[in-house]
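What follows is a single structure, written as structure tokens, with notes after it.
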Amino acid sequence: MLITSGMQKLRTSQGCNMADLKDKKLVKGRRIVFEDGVVSEGCIVIREGKIEAVHRGENAPINEEEFQEVIDAGNQVVMPGIVDSHVHVNEPGRTAWEGYETATKAAAMGGITTIVDMPLNSIPPTTTLDAFKIKMEHAQPQCYVDVAFWGGVVPGNEMELRPMINAGIAGFKCFLIHSGVDEFPHVTTEDLHAAMKQLQGTDSVLLFHAEVETSDIPDSLGSPEEYSSFLASRPPSMEYEAIKLVCNMCKTYRVPCHIVHLSAAAALPLIQEARGAGAPLTVETCHHYLNLEAATVPGKATQYKCCPPIRDARNQEILWQALGNGDIDMVVSDHSPCTPELKLLEKGDFLAAWGGIASVQFGLSLFWTGGSKRGFTLQDMVRLMCENTSKLAGLGDRKGKIRAGCDADLVIWDPEAMWKVAVPSIQHKNKITPYLDMALKGKVLKTILRGQVVYSDTEGIAQQPMGQLLLKTGGK
Ligand SMILES: NC(=O)NC(NC(N)=O)C(=O)[O-]
Ligand SMILES: [Zn+2]
Ligand SMILES: [Zn+2]
């Protein structure tokens with residue numbers, strides 16, 4: 001038997017017909033997060049990349065000799081691989097900002113087994129069927145985790161939506177304010193009416209960057225090197241007014257709508273009211289709104305700039321409460337990197353720098369660092385970062401849970417381990433992040449993608465990309 005350090009990895013070297021072992025693996029442990037709770041003794045039978053069976057309790061009807069590989073997680077946590085439904089992979093066209101190889105290696109190292117790729121900042125943006133095909137051609141040979149795709153709604157592309165749905169796009173994203181890149185213009189209400197008419201009757205979802213220009217922005221903002229100047233330029237009213245529009249559209253058309261990266265807690269009553277009125281509306285927030293707060297952002301530190309902005313500590317606590325009571329459905333990274341030049345790190349000009357925070361690798365640890373001390377459980381984490389995000393992307397039948405029939409996507413991690421973000425371990429392109437040197441709780445030990453180990457803390461990231469492109473089937 002072969003036993004590796006850390007995790008017990010028992011390999012049977014003799015005694016069975018190897019053909020029977022074909023791709024049959026076993027993961028066992030004493031802290032497995034099933035849909036109905038965490039079990040103190042259980043195992044997961046994996047065959048050809050799928051979960052074939054799950055067993056709870058000591059007397060599982062299995063003979064370990066029948067398995068090609070047995071991974072014993074011991075007391076470490078075994079949970080579904082994370083599904084991060086908000087990641088900007090800017091390839092092709094801005095691969096120097098972020099590409100599939102680096103983004104998906106970072107995801108694998110962070111316990112993420114599926115990312116859903118945003119339709120911007122690549123060139124071309126994913127706003128036509130042809131552009132979607134180009135996107136997939138670039139992604140295909142480079143993915144270390146599975147990748148699904150959001151399309152984009154921009155002015156005048158409504159006739160591209162159904163062809164993209166039929167080609168497997170997960171859903172669509174639109175902006176109500178300048179997106180940061182000219183080739184992905186924001187929509188007007190007229191554009192939204194045209195798009196909604198195309199989406200009605202499909203099961204596709206429309207995601208909104210929900211900020212609009214408002215009149216309560218101060219005339220003089222103060223020094224561009226001070227974070228407070230940037231924060232004053234993006235008041236909560238920009239989100240509040242935008243979310244009012246989203247709620248009305250959602251109630252009118254009954255098309256599933258999703259608010260991405262909610263920062264302004266003041267908008268939560270609008271969302272509650274719309275959902276109370278039966279609007280098919282979901283909402284996410286991001287790790288940076290939950291773990292960083294305005295008063296602690298250093299001057300010139302443009303790596304903290306994102307839109308909408310990181311707000312104050314009081315706002316942060318209301319977001320955590322909303323996560324706990326179900327008013328916010330999921331937590332994602334909104335991984336949106338760029339080149340060092342565009343972040344203006346020397347000049348430290350918050351107003352002119354690129355808006356976007358790079359963090360896809362750190363979400364599991366960020367959530368656990370902030371959430372465990374606020375009483376969030378492992379099951380909360382699975383609901384917020386696996387189940388609900390996979391459902392949003394139309395992957396609920398195969399990703400985000402440990403259930404027979406689902407893909408064998410798992411992350412094994414140590415919830416007690418403390419570690420610090422350091423440059424050598426950062427996998428995303430350009431390695432810029434506001435989390436550098438931050439002490440985090442919860443360390444990924446092994447990431448398993450459809451039964452294959454794609455990352456382990458002892459052997460690093462897999463030598464070859466094993467990720468697949470995920471196409472949403474059955475679009476009406
Ligand atoms: N073009 C972008 O990547 N924008 C992103 N930038 C952020 N969040 O600052 C976003 O999600 O809006
Ligand atoms: Zn956005
Ligand atoms: Zn984004």
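Order of listing sets the numbers, starting from 1, for every ligand and every atom in it. Counting from 1, the numbers follow the sequence of the chain as shown. Being a predicted model, the structure only gives us computed values, none of them experimental.
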*Heavy-atom distances under 4.0 Å are what count here, so tell me which part of His86 touches ligand 1: side chain, backbone, both or neither.*
side chain
*Judged by atom type as modelled, is there a donor-acceptor pair below 3.5 Å linking the side chain of Arg234 to the main-chain atoms of Cys307?*
no
*asked:* I need the atoms of ligand 1 closer than 4.0 Å to a non-hydrogen atom of Asn121, numbered in the order shown.
replied: 1 (N), 2 (C), 3 (O)
*Centroid-centroid distance, Phe132 to Phe149, less than 6.0 Å*: yes
*Pick whichever of Arg234, Met118, His209, His178 has a heavy atom sitting closest to atom 12 (O) of ligand 1.*
His209
_Can you report which non-hydrogen protein atom sits closest to atom 8 (N) of ligand 1, along with the distance?_
Asp334 OD2, 2.7 Å
*Distance filter under 4.0 Å to Cys306 heavy atoms, resulting ligand 1 atoms*: 9 (O)
_Can you confirm whether Leu471 sits close enough to Met136 that some side-chain heavy atom of one is under 4.5 Å from a side-chain heavy atom of the other?_
yes
*Please state which protein non-hydrogen atom is closest to atom 3 (O) of ligand 1 and give its distance, to 0.1 Å?*
Ser336 OG, 2.8 Å
*Quick one: CG on Leu245 to SG on Cys247, what's the gap to the nearest 0.5 Å?*
9.0 Å
*Counting distance only, does the side-chain N/O of Thr282 pair as donor-acceptor with the main-chain N or O of Asp329 below 3.5 Å?*
no
*Within a distance under 4.0 Å of any heavy atom of His261, pick out the atoms of ligand 1 and give their elements.*
10 (C), 11 (O), 12 (O)
*Close-contact set for ligand 1 against Ser179 heavy atoms, below 4.0 Å*: 1 (N), 2 (C), 4 (N)
*Ligand-residue contact atoms, ligand 1 with Trp354, heavy atoms, under 4.0 Å*: 1 (N), 2 (C), 3 (O)
*Test log, rule ring-ring contact (aromatic ring centres under 6.0 Å, His included), inputs His335 and His88*: CA-CA 6 Å; His335 178 74; His88 294 266; 8.6 Å; no
_If we set the cut-off at 4.0 Å for heavy atoms, which region of Leu120 has an atom near ligand 1: side chain, backbone, both, or neither?_
side chain
*Among Lys401, Met79, Lys391, Lys399, find the one that has a side chain to side chain contact (heavy atoms under 4.5 Å, CB included) with Cys386.*
Met79
_In this structure, is the centre-to-centre distance between the rings of Tyr100 and Tyr144 below 6.0 Å?_
no
*Is there a donor-acceptor pair closer than 3.5 Å between any side-chain N or O of His186 and the backbone N or O of Phe175?*
no
*Let me see the working for Glu213 and Met238 under side-chain contact (heavy atoms from CB on, under 4.5 Å), right down to the final yes or no.*
CA-CA 6 Å; Glu213 298 293 354; Met238 292 176 69; 4.3 Å; yes
*How about Trp368 and Phe376: are their ring centres within less than 6.0 Å of each other?*
no
*List every atom of ligand 1 that sits less than 4.0 Å from any heavy atom of Gly355, numbering the atoms from 1 in the order shown and giving each element.*
6 (N), 7 (C), 9 (O)
*If you count the atoms of ligand 1 from 1 in the order shown, which ones are under 4.0 Å from a heavy atom of Phe175?*
12 (O)
*Nearest-neighbour protein heavy atom for atom 9 (O) of ligand 1, which is reported as residue plus atom name and distance*: Cys307 N, 2.7 Å
*Is Lys420 reaching over with its side chain to a backbone N or O of Ala439, donor-acceptor style, under 3.5 angstrom?*
no
*Protein N/O/S neighbour count - the Zn ion (ligand 3), strictly under 2.8 Å*: 3
